[in-house]
Structure formats: C-alpha cells, structure tokens
Amino acid sequence: MSILSLAALTILDAGPAGQIKAAAAAGFQSVGLRLNPLLKSDPVIAGIGEREREIEELIAHYKMKVLEIGVFPLMPSTDPEALKPVLALSQRLGARFLVCPVEDADLQRRAATYSHLCELAAAYDLDCLIEFNPYSACPNLVAAIALVASCKAANKGLVIDALHLSRSGGDPEDLHTVDPDWLKLVHLCDATPKPEGLRSIEEMRAESRTARLLPGEGSLWLNRLMAALPTDVGVSIEAPSARNAHLSATERASLAFAASSAFLSSRFAK
C-alpha cells in the first residue's frame with residue numbers, strides 16, 4: 001500500500017509549518033506543501049532564510065517525506081527561471097513532484113512554458129505534473145494528455161484528481177488510454193454525485209476548495225480509480241471541507257488519515 005500524504009489544500013490555512021506538524025500528529029508519513037504562493041494569504045517561504053530553515057528543521061524533526069510542492073500554474077506570464085529559489089528549497093526537502101495547473105489558453109505558449117519548467121526542474125530532481133480541472137484552461141484529461149505529449153522531457157507526468165476527473169466528465173476507465181509512466185500522483189477525495197446541468201466557474205471552484213468529502217463518504221468510483229492507477233502511484237489526500245473548518249488543523253488531518261487509511265486498507269483486504 002502506498003504511503004499516504006496530506007495535501008496542503010486539505011488544511012491550507014495552517015501554512016506549511018502547521019501542515020507539517022498536523023500531518024505528523026495525525027499519523028501521516030508524508031506531506032504536500034504550498035511553497036509557491038498562489039493566493040494573497042499564502043506565506044512566502046522560498047528565499048527567506050529563517051522561514052526556509054524552519055520548514056527544513058520541521059521536516060527533519062518529524063522525519064517526514066515531502067511528496068508534492070504546489071502550486072506552479074502555467075500562465076501567460078510564467079517565467080520558470082524565476083522559480084529557482086522554490087525549486088532549490090523543494091530539492092532540499094526531498095520533494096518529488098511539482099503540481100502544475102494550466103491557466104494559459106495558448107496551446108503553443110503553454111507547451112513551451114511546460115517544457116522549459118520540466119528542463120529546469122530536472123536539475124533539481126523534480127517531476128512536473130500537469131493537473132487538469134474543468135474550470136481551467138486545461139479542462140479535462142484529453143487536454144492534459146495532449147500537453148504532456150508535447151513535452152519531450154522524462155520528468156513530465158499527470159496529477160489525477162478524483163474530483164476533477166469526475167466533474168470534467170471523466171471516468172477511471174479513461175486512464176487505461178494513458179501511458180502508465182505519466183500517472184505519478186493521485187489527489188484522493190470523495191464527492192457527492194455530479195450535479196445536473198451547467199455550473200459556473202465560481203461554483204466548480206468553490207466545490208473543489210471547500211466541499212470535498214473524505215474517501216468513503218461520497219459516491220465516487222474510488223475503487224475503480226485506484227485499480228486503474230499504477231501500484232506505486234503517489235497518494236495525496238486532498239479534501240478541504242468548509243463543514244470541518246471549525247476543527248483544528250490536527251483534527252482535520254486526523255479525520256483525513258483515518259478515512260483514507262480505512263479506504264486503502266479495505267481495498268487490500270479484499
């Protein structure tokens with residue numbers, strides 16, 4: 001069974017230091033961190049010596065692994081060279097993956113940006129994984145496959161997010177069309193049945209960031225999803241929920257660990 005990792009988004013408000021502490025207290029052996037700020041509320045860590053040292057010391061103290069680092073959106077203005085400080089920190093932490101959503105609709109430009117980032121990240125022993133979602137410029141698995149296929153780098157790949165696969169109209173069966181070497185990371189969560197009719201970008205984004213369920217609490221095809229992925233896929237629990245926002249970061253992390261461990265254990269017990 002894969003080692004479980006706690007994605008930053010599950011307890012994003014705790015910040016990287018708080019995420020490490022909460023993940024360790026909950027029983028996780030691995031964690032994902034947002035070290036490349038996306039929101040105004042995201043703290044800046046890379047390039048600030050004392051903040052970098054705090055994160056490095058916490059990872060060492062709790063003997064944690066770092067699975068993924070976020071978020072590296074491919075945007076029209078993205079300059080991969082400017083990301084060197086966070087790439088260097090990610091390497092020192094022993095991270096494996098960079099998560100790259102896509103916010104550039106220009107197919108040629110985003111392909112060039114992705115290839116440049118992969119080339120740069122290879123020097124830091126990091127893989128760059130494209131994450132599609134239905135409210136982005138890369139709305140589904142087909143578009144993500146095309147982008148990854150355009151890149152010649154060996155450190156390319158995909159993030160398969162359970163919610164995004166569902167809400168984009170995909171199914172685990174679709175993953176059998178993907179090169180298994182590209183299937184490196186899964187963001188695991190559960191969800192209610194897909195709503196009928198069209199939804200706005202704001203509604204889809206809100207569900208993704210505030211209304212996910214823990215594995216076993218919803219109706220997604222998680223058993224089929226895991227069966228369609230390589231056995232060594234990285235498993236990151238990404239299940240932020242407004243209904244649990246009143247709980248401490250450690251309490252939320254503990255709920256995520258218990259539900260996810262039970263789900264994965266039940267699969268191997270069959």
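All residue numbers refer to positions in the sequence shown, counting from 1.
Atom CD1 of Ile3 and atom CG of Leu67 lie 9.5 Å apart (nearest 0.5 Å). Distance CD1/Ile69 to CG/Leu87: 10.0 Å, rounded to 0.5 Å. Ile145 CD1 to Cys138 SG: the interatomic distance, rounded to the nearest 0.5 Å, is 9.5 Å. The structure places NZ of Lys184 at 12.5 Å from CD1 of Ile160, a figure rounded to the nearest 0.5 Å. With values rounded to the nearest 0.5 angstrom, Ile45 atom CD1 is found 10.0 Å from Glu50 atom CD. Summarising the geometry, atom CD1 belonging to Ile237 is positioned 9.0 Å from atom SG belonging to Cys189; distances are rounded to the nearest 0.5 Å.
Side chains of Phe72 and Thr78 form no contact here, defined as non-hydrogen atoms less than 4.5 Å apart. Proximity of Leu175 to Leu225: side-chain heavy atoms (C-beta onward) are separated by under 4.5 Å at one or more points. Using a 4.5 Å cut-off on side-chain heavy atoms (C-beta onward), Leu39 and Leu12 make contact. Contact check for Leu264 versus Met226: side-chain heavy atoms found under the 4.5 Å cut-off. Ser136 has its side chain out of reach of Pro101: every pair of non-hydrogen atoms, C-beta onward, lies at least 4.5 Å apart. Side-chain contact check for Arg243 versus Leu213: some heavy-atom pair is nearer than 4.5 Å.
Comment: Glu52 engages Arg92 in a salt bridge, judged by a side-chain N to carboxylate O separation of less than 4.0 angstrom. Taking 4.0 Å as the cut-off between side-chain N and carboxylate O, Arg199 and Glu207 count as a salt-bridged pair.
A donor-acceptor pair under 3.5 Å is formed between the side chain of Ser168 and the backbone N or O of Leu165.
Linking Ile, Leu, Val, Met, Phe, Trp and Tyr whenever their side-chain heavy atoms come within less than 4.5 Å puts Leu183 and Leu188 in one cluster. The hydrophobic cluster containing Val159 does not contain Leu4, counting ILVMFWY residues as joined when their side-chain heavy atoms lie under 4.5 angstrom apart, directly or transitively. Leu38 is not connected to Val86 by any chain of hydrophobic side-chain contacts under 4.5 Å among Ile, Leu, Val, Met, Phe, Trp and Tyr, and they are in different clusters. Residue Val102 is grouped with residue Leu98 when hydrophobic side chains (ILVMFWY) are merged at heavy-atom distances under 4.5 angstrom, including chains of intermediate members. Residues Tyr135 and Leu141 are members of separate hydrophobic clusters, defined by side-chain heavy-atom contacts under 4.5 angstrom among Ile, Leu, Val, Met, Phe, Trp and Tyr.
Screening Leu6, Asp13, Ile11 for a side-chain contact (heavy atoms from CB on, under 4.5 Å) with Gln19, the sole residue that qualifies is Ile11.
Using a 3.5 Å distance cut-off with no hydrogens or angles, the side chains of Ser5 and Ser30 do pair a donor with an acceptor. Remark: the Glu68 side chain and the Ser236 side chain contain an N/O donor-acceptor pair separated by less than 3.5 Å. Side-chain atoms of Glu251 and Ser254 form no donor-acceptor pair, as typed in the model, at a separation below 3.5 Å. Ser208 and Arg212 are linked by a side-chain donor-acceptor pair at a separation below 3.5 angstrom, with hydrogens and angles left out of the test.
Annotation for Thr192 and Arg167: closest pair O-NH2, 2.9 Å, computed over non-hydrogen atoms.
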